[in-house]
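All figures in this text were calculated on a predicted structure; none of them were measured in a lab. Each residue takes its place number in the sequence, starting with 1.
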Amino acid sequence: MMAGSYSNLVVLSCTTAGQAAGDLLGSDESEIVHFLWSVVDTTANTVSVPVQSLVVKPDHSELSEEAKLRTGLEEQAVAAGAPIQAVLEQLHQSLTNGVGAPFCLVVDGQQAMRQCLHPETCKKGISLPDYFYAFFDLRREFRKFQSTSPAIASVRDMAQHLGLDVTAVDECQAMCLVIQRLIGSGHKFTDPETVDYKYEPGTYQKNELMDDDTILRVRGLPWQSSDQDIARFFRGLNITKGGVAVCLNPQGRRNGEALVRFASKEHRDLALLRHKHHIGQRYIEVYKATGEDFLKVAGGNANEATAFLRDSAAEVIVRMRGLPYTATAADILNFFGPTCPVAGGEKGILFVRYANGRSTGDAFVLFETEAYAQQALAKHKESLGKRYIELFRSTAAEVQQVWNRYQQFPLIPTTPTMIPMLPQQAITCGSIRDCVRMRGLPYQATHDDVLAFLGEFAVYVRDHGIHMVLNSSGKPSGDCFIQMYSPEAARQAAEKCHRQYMGDRYIEVFQCSGDEMNFVLMGGQLNKNGIVSPPNVYAAEAPVLLDAQMCDYLGQQMTATASGPAAAAAAAAVAAANQYPYPGYPPQVQVPQMSILPQGMMQSPRGIPSPAAATSPYYTSAAAAAAAAAAAAGYAPAMYPQYYFPSPPVSPTSVGYYPPPSPVLRMRGIPYNAGVHDVVNFFGGYQVPPEYVQMFVDVLGRPTGEAIVTFLSHEFAQKALLEKNRQLLGSQPVELTPLELVPAI
């Protein structure tokens with residue numbers, strides 16, 4: 001009896017080197033070490049090719065005891081096998097020359113094809129013949145034949161249910177017996193399973209219905225991962241069209257996560273078994289997610305972006321960043337030139353703009369083929385006009401996210417300049433010297449540059465282990481700390497990379513511990529000769545001399561910006577600190593270098609120096625009393641603070657930690673005698689609390705005429721920007737500008 005349109009069924013089973021078997025086959029990422037195959041002639045219902053054995057030599061995996069029992073092979077026999085590519089070529093020759101067409105593969109369950117063969121060949125860059133993309137799942141066929149059968153976990157369960165004795169045969173022979181019984185009972189093999197050849201991009205609308213049982217969240221992705229890379233990680237499992245949505249952070253850069261929508265719950269459940277499988281050297285975490293999560297990332301409601309994606313048959317999307325604001329579509333076409341033509345010409349270019357029409361410097365470009373896209377990406381960091389352009393492979397979900405984000409907040413940038421310093425323990429601590437400090441970096445250096453500089457040692461960098469250091473104004477300091485996997489890796493990296501060049505600058509590289517890292521971030525120094533204490537903590541370095549008039553001025557300033565007994569005591573202590581004579585000058589007092597700022601408005605200000613500092617010849621008891629009184633009043637000294645943030649490898653240029661979006665305006669031109677309450681009154685009706693106003697002073701405590709104001713919402717900030725800019729505060733017009741973004745380093 002014919003089994004559908006297939007005259008032959010090729011029965012295939014495989015065994016991996018690991019311990020996992022049955023429903024968990026392939027979940028341990030072990031390589032295939034053994035194939036068994038046979039052929040059933042569906043016309044005659046006979047076994048036309050007896051069971052054949054193919055031994056595969058794995059590249060890395062060691063043969064487990066369980067694998068030895070399942071295969072009957074020893075390590076010597078496996079070591080004498082051929083690589084999987086050669087074995088598959090041998091199988092292909094046998095099937096094409098010795099088996100009549102048409103034929104289809106039959107396996108026991110989904111795991112052999114979807115979790116073992118396709119993932120492994122994809123990782124090793126092996127192309128499979130077309131017949132490997134369709135197969136019959138014998139368990140599913142059995143359930144079609146026996147719809148009332150109990151749960152089936154293996155081919156031996158099927159054989160037992162059919163009354164077949166398979167105790168003395170191997171798995172492949174048992175499958176042949178089951179197939180023959182099904183064919184003899186009238187079952188037809190007509191609807192094979194399929195494996196998608198490749199992932200297809202697509203778009204979603206935010207109002208679409210989405211099944212929660214098909215969605216996964218993926219974490220720990222390399223920052224350069226595209227939707228195609230993620231689809232390759234899940235090779236063998238079918239992903240819906242446009243079902244990979246790479247997530248972005250608030251600055252529009254990739255954060256190492258993605259949402260994936262599979263064709264069915266069964267495929268989603270198989271994908272969960274790939275938790276902590278690897279892309280390169282990185283393990284990937286896989287978790288369940290919801291349809292709502294997916295649509296938040298992949299769903300679009302912008303007609304222009306949706307039309308751009310829907311109307312094109314292009315294969316690859318490339319994101320351009322750093323474009324001149326005056327750039328036109330013709331400029332972009334000329335930039336890529338005839339060697340990598342843009343799909344659809346000017347219609348294949350989407351400029352990302354704010355809601356008010358201003359350019360953001362971003363654009364998305366479509367290319368018809370992978371070859372054209374690769375040529376285009378080779379122009380990364382080439383110049384357009386006077387600006388170099390960054391190019392990255394992009395996705396449809398990224399287009400929607402970037403477009404929606406810029407359309408949502410047209411006037412107020414999403415990142416304040418002052419970056420909060422995270423708690424030290426959130427980074428690392430301890431005396432183990434598994435960290436590296438790099439000093440002298442170019443200020444424009446990115447995480448990519450750091451990894452390229454480390455070369456062979458880049459693979460030993462911990463996840464989220466690169467920490468770029470910013471100075472007190474939020475600008476790059478030229479320093480970087482790197483957490484390595486071991487002290488030995490840190491030592492070798494320091495020895496091999498010390499005084500090597502990054503661009504035209506040589507970089508100093510020192511091995512250090514977590515404690516030493518934190519010590520330097522507090523203002524200390526670390527070099528080949530050891531560590532030097534932070535200023536005004538163990539020994540003051542460069543005292544600031546303030547005379548009695550300046551002490552009086554500081555006291556007045558503190559009185560002007562605070563009230564209450566504590567503030568009065570602080571002002572009195574500063575004014576009374578004139579007790580330390582300095583030869584050749586009128587009565588003067590030495591105090592540590594500091595800026596008097598309200599503590600609640602500082603970004604994690606450094607604390608008052610320890611008691612040991614008060615005994616320093618440069619740090620008098622009167623100054624210590626003044627500092628202590630200032631602390632009691634809610635003031636604290638800011639002694640050369642080093643603001644820093646840890647940055648996971650999450651975006652095309654690796655961005656660091658940023659706080660949630662907040663609406664912030666900068667004020668310039670404030671009268672020097674104005675205080676916090678004057679600013680609050682200036683913004684009357686915009687609901688600005690006093691604690692949301694940060695007044696700036698210089699190192700001597702004198703007002704600079706600038707302030708930063710945080711509003712309760714973007715609506716209030718935009719309204720204030722439009723209505724209060726250039727309005728008078730006292731007798732002076734005040735300039736309002738959105739706070740500039742910190743460069744992502």
Side-chain angles (χ1 to χ4, degrees), residues 205-207 247-253 255 292-293 295-297 299-306 325 351-362 398-420 474 598 600-601 603 655 657-670 674-696 706-730 732-742 744:
Q205 295 298 314
K206 286 190 176 295
N207 58 357
C247 302
L248 306 181
N249 64 15
Q251 287 68 48
R253 301 184 178 184
N255 66 1
E292 182 182 1
D293 294 335
L295 289 176
K296 284 181 180 178
V297 177
N301 52 16
N303 293 333
E304 188 172 350
T306 302
Y325 294 142
F351 286 97
V352 182
R353 303 184 185 279
Y354 293 108
N356 61 5
R358 290 192 299 114
S359 174
T360 65
D362 279 26
E398 185 172 349
V399 174
Q400 297 281 18
Q401 289 177 83
V402 173
W403 184 273
N404 292 342
R405 178 168 289 112
Y406 281 114
Q407 290 290 305
Q408 185 175 4
F409 303 119
L411 295 177
I412 307 300
T414 60
T415 306
T417 298
M418 300 299 287
I419 297 177
M601 299 177 188
Q603 303 295 323
V655 70
Y657 171 82
Y658 284 92
S662 57
V664 184
L665 295 182
R666 178 188 292 274
M667 301 180 68
R668 292 188 176 95
I670 300 172
V676 171
H677 290 289
D678 296 315
V679 174
V680 172
N681 293 334
F682 177 77
F683 287 112
Y686 297 93
Q687 300 183 17
V688 176
E691 60 270 20
Y692 280 28
V693 179
Q694 179 174 329
M695 307 287 289
F696 284 103
E706 296 188 13
I708 287 178
V709 181
T710 302
F711 292 80
L712 296 176
S713 70
H714 285 275
E715 290 72 17
F716 282 129
Q718 293 179 41
K719 184 178 179 182
L721 179 63
L722 295 173
E723 298 177 357
K724 300 295 288 185
N725 188 30
R726 300 286 182 179
Q727 298 298 307
L728 295 179
L729 175 56
Q732 293 184 214
V734 176
E735 179 185 359
L736 302 179
T737 57
L739 198 61
E740 296 178 357
L741 294 174
V742 174

message = I'd like to check Leu736 versus Arg666 (side-chain heavy atoms, cut-off strictly below 4.5 Å). Are they in contact?
response = no
In terms of heavy-atom contacts, Gln401 and Leu248 come closest through OE1-N, 3.2 Å
Separation between CG (Leu721) and NE2 (His714), nearest 0.5 Å, reads 13.0 Å
Distance col, row Leu665:CG vs Phe683:CZ, nearest 0.5 angstrom, shows 6.0 Å
Original post:
Within a radius of less than 6.0 Å around CD of Gln727, do more than 12 heavy atoms belonging to other residues, nucleotides or ligands occur?
Top reply: yes
d(Ile708 CD1, Tyr692 OH) to nearest 0.5 Å is 14.5 Å
request  = Determine whether Gln718 and Phe711 make a side-chain contact, defined as any pair of heavy atoms from C-beta on separated by less than 4.5 Å.
outcome  = no
dist Lys206:NZ -> Glu292:CD (nearest 0.5 Å) comes out at 10.0 Å
- Report yes if some heavy atom in the side chain of Tyr325 is under 4.5 Å from a heavy atom in the side chain of Arg358; otherwise report no. no
Answer yes or no: is there a side-chain heavy-atom contact under 4.5 Å between Val693 and Val680?
yes
Scanning both residues in full, the closest heavy-atom pair of Ser359 with Arg353 reads CB-NH1, 3.9 Å
- Any Pro738 side-chain heavy atom under 4.5 Å of Val664 side chain: no
Residues Gln732 and Gly669: closest non-hydrogen pair is NE2-O, 2.9 Å
On the ring face of Phe682, is Lys724 found with NZ or CZ under 6.0 Å from the centre and within 45° of the axis?
-> yes
_pair Arg726-Val734: side-chain heavy atoms closer than 4.5 Å_ = no
Correct closest heavy-atom pair for Ala707 and Met695 would be CB-SD, 3.9 Å
Checklist entry - Between Ile670 and Leu729, is any pair of side-chain heavy atoms under 4.5 Å apart? => result yes
